[in-house]
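First up is the structure itself, then whatever we jot down about it.
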Amino acid sequence: MPAPTHTRSHPATPGSVDIRLPWWALALPALAFAALLLLILNPADAHAATGDPAVTHLFERVQRIVNR
């Protein structure tokens with residue numbers, strides 16, 4: 001018993017590609033861009049990093065491990 005085949009309703013033109021993106025494939029990068037843009041547009045909210053010794057020690061240990 002042969003399987004039924006599905007035919008295209010519109011024949012593809014030679015050399016064209018039919019790509020359909022889901023809505024989130026465009027919305028997520030646009031949302032990320034807008035969030036990053038908002039972060040850099042208001043430099044008054046930027047604060048200098050405090051010298052947290054725990055983070056500094058962590059980076060020093062990682063650097064020692066990598067340099068071995």
Side-chain angles (χ1 to χ4, degrees):
M1 178 169 164
T5 59
H6 300 284
T7 58
R8 292 185 179 186
S9 58
H10 302 288
T13 58
S16 70
V17 178
D18 184 25
I19 297 176
R20 293 188 182 191
L21 295 175
W23 65 269
W24 51 264
L26 295 174
L28 289 180
L31 182 65
F33 176 77
L36 291 173
L37 187 62
L38 287 175
L39 286 173
I40 65 170
L41 283 181
N42 196 358
D45 290 339
H47 302 286
T50 60
D52 188 13
V55 175
T56 306
H57 291 299
L58 175 67
F59 285 131
E60 287 174 357
R61 283 188 176 188
V62 169
Q63 187 178 17
R64 277 190 230 135
I65 292 171
V66 170
N67 289 336
R68 284 188 182 181

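What you see is a predicted model, and the numbers here were worked out from it, not measured in a lab.
Scanning all heavy atoms of the two residues, the minimum distance from P29 to L26 falls at CD-O, 3.6 Å.
One hydrophobic cluster, built from ILVMFWY side chains closer than 4.5 Å, holds both I40 and F33.
L36 CG to L31 CG: the interatomic distance, rounded to the nearest 0.5 Å, is 9.5 Å. Note that the CG atom of L28 and the CH2 atom of W23 stand 6.5 Å from one another [nearest 0.5 Å].
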